[in-house]
Amino acid sequence: QVHLVASGGGLVQAGGSLRVSCAASGRAFSSRGMGWFRQAPGKEREFVAAISWNAGITTYADSVKGRFTISRDNAKNTVNLQMTSLKPEDTAVYYCAARTLGAVATTPIEYAYWGQGTQVTVSS
């Protein structure tokens with residue numbers, strides 16, 4: 001079992017930066033692929049970024065490529081999402097998720113464990 005707690009959301013102006021973090025407890029964090037997803041009101045949950053078990057591979061949604069950076073610290077059991085040049089359309093609840101496998105994945109069904117989400121609001 002893996003327990004994920006997301007934090008760091010908040011209100012920021014367009015063009016600003018924010019970092020959201022996810023703390024994991026449980027088994028074998030360092031062997032799991034991790035991801036961030038987001039869900040805006042009235043929309044489906046969408047992929048944002050993912051990182052492989054050893055941080056050797058990262059992948060991003062086209063909408064955030066070049067603006068967001070995912071990273072992990074296996075010693076601290078954390079995964080972070082650094083967001084820059086934020087836009088109002090980035091407003092959503094951001095969820096971290098963990099896989100049972102170590103590779104990256106981009107669809108929600110490939111993730112077994114989910115955190116509770118943290119709200120990110122970008123004002124124009």
Side-chain angles (χ1 to χ4, degrees):
Q1 191 73 6
V2 176
H3 185 57
L4 303 172
V5 178
S7 62
L11 174 64
V12 63
Q13 288 189 330
S17 299
L18 200 63
R19 188 175 85 157
V20 290
S21 297
C22 180
S25 60
R27 295 172 60 86
F29 172 82
S30 61
S31 67
R32 299 183 185 277
M34 299 294 295
W36 284 96
F37 291 76
R38 66 187 182 187
Q39 188 166 18
K43 295 188 177 182
E44 292 188 353
R45 191 168 297 191
E46 66 172 358
F47 169 73
V48 176
I51 188 166
S52 63
W53 67 278
N54 64 349
I57 296 173
T58 58
T59 189
Y60 299 90
D62 287 344
S63 59
V64 307
K65 202 171 294 183
R67 300 188 298 122
F68 290 11
T69 303
I70 188 171
S71 62
R72 67 188 297 160
D73 185 337
N74 285 344
K76 297 181 178 179
N77 281 14
T78 58
V79 60
N80 302 306
L81 185 68
Q82 179 68 46
M83 304 180 288
T84 64
S85 302
L86 282 160
K87 306 174 182 179
E89 51 264 43
D90 294 319
T91 295
V93 177
Y94 282 71
Y95 298 90
C96 64
R99 304 194 68 203
T100 58
L101 302 175
V104 296
T106 62
T107 61
I109 198 171
E110 295 177 281
Y111 288 81
Y113 306 100
W114 292 83
Q116 86 289 3
T118 184
Q119 177 71 48
V120 172
T121 303
V122 184
S123 63
S124 56

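Within the structure, disulfide (SG to SG under 2.5 Å) contacts touching residues 17-114 (residues at least two apart or in different chains) are Cys22-Cys96. Contacts classified as ring-ring contact (aromatic ring centres under 6.0 Å, His included) and involving residues 58-106 (residues at least two apart or in different chains) are not found. Annotation: disulfide (SG to SG under 2.5 Å) contacts involving residues 47-84, sequence neighbours excluded, are absent. For residues 115-124, the set of pairs meeting the side chain to side chain donor-acceptor pair (under 3.5 Å) definition, not counting sequence neighbours, comprises Gln119-Thr121. Sorted by first then second residue, the disulfide (SG to SG under 2.5 Å) pairs that include residues 23-81, not counting sequence neighbours, number zero.
Here the closest heavy-atom approach between residue Pro108 and residue Trp114 is recorded as O-CZ2, 3.6 Å. In terms of heavy-atom proximity, Thr100 sits nearest to Tyr113 at CG2-CE1, 4.3 Å. Taking every heavy atom of both residues into account, Asn80 and Ser21 meet most closely at OD1-OG, 2.7 Å.
For Trp53, the ring pair (Phe, Tyr, Trp, His ring centres under 6.0 Å) criterion is met by no residue, not counting sequence neighbours. Remark: Glu46 engages Arg38 in a salt bridge (Lys or Arg N to Asp or Glu O under 4.0 Å) (not counting sequence neighbours). Remark: Phe47 engages Phe37 in a ring pair (Phe, Tyr, Trp, His ring centres under 6.0 Å) (not counting sequence neighbours). Scanning for side chain to side chain contact (heavy atoms under 4.5 Å, CB included) contacts around Arg67 gives Val64, Thr84, Ser85, Lys87, Asp90, with sequence neighbours left out. When the side-chain hydrogen bond (donor to acceptor under 3.5 Å, both in side chains) test is applied to Glu89, no partner is found at least two apart in sequence or on another chain.
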Quiz: residues 3-19 side-chain donor-acceptor pairs under 3.5 angstrom, not counting sequence neighbours:
none

Donor-acceptor pairs under 3.5 angstrom involving side-chain atoms of residues 23-34: please list them, not counting sequence neighbours.
unit_1, atom_1, unit_2, atom_2, d
Ser31, OG, Ala28, O, 2.9
Arg32, NE, Arg27, O, 3.0
Arg32, NH1, Arg99, O, 2.9
Arg32, NH2, Arg27, O, 3.1

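Of the possible donor and acceptor atoms, one in the side chain of Thr91 sits under 3.5 Å from a partner among the backbone N and O of Val122.
Within 6.0 Å of NZ in Lys43 there are 12 or fewer heavy atoms belonging to other residues, nucleotides or ligands.
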Discussion item. Quick one, Ile57 with Ile51, criterion side chain to side chain contact (heavy atoms under 4.5 Å, CB included). Give me CA distance, side-chain angles, the key distance, then yes/no.
Written reply: CA-CA 6 Å; Ile57 296 173; Ile51 188 166; over 6 Å; no

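Hydrophobic cluster membership is shared by Leu81 and Leu86, with clusters built from Ile, Leu, Val, Met, Phe, Trp and Tyr side chains linked at under 4.5 angstrom. Hydrophobic cluster membership differs between Trp36 and Val104, with clusters built from Ile, Leu, Val, Met, Phe, Trp and Tyr side chains linked at under 4.5 angstrom.
Side chain to side chain, Ser71 and Asp73 fail the donor-acceptor criterion of an N or O pair below 3.5 Å.
To the nearest 0.5 Å, the span separating NZ on Lys65 from OG1 on Thr58 amounts to 9.5 Å.
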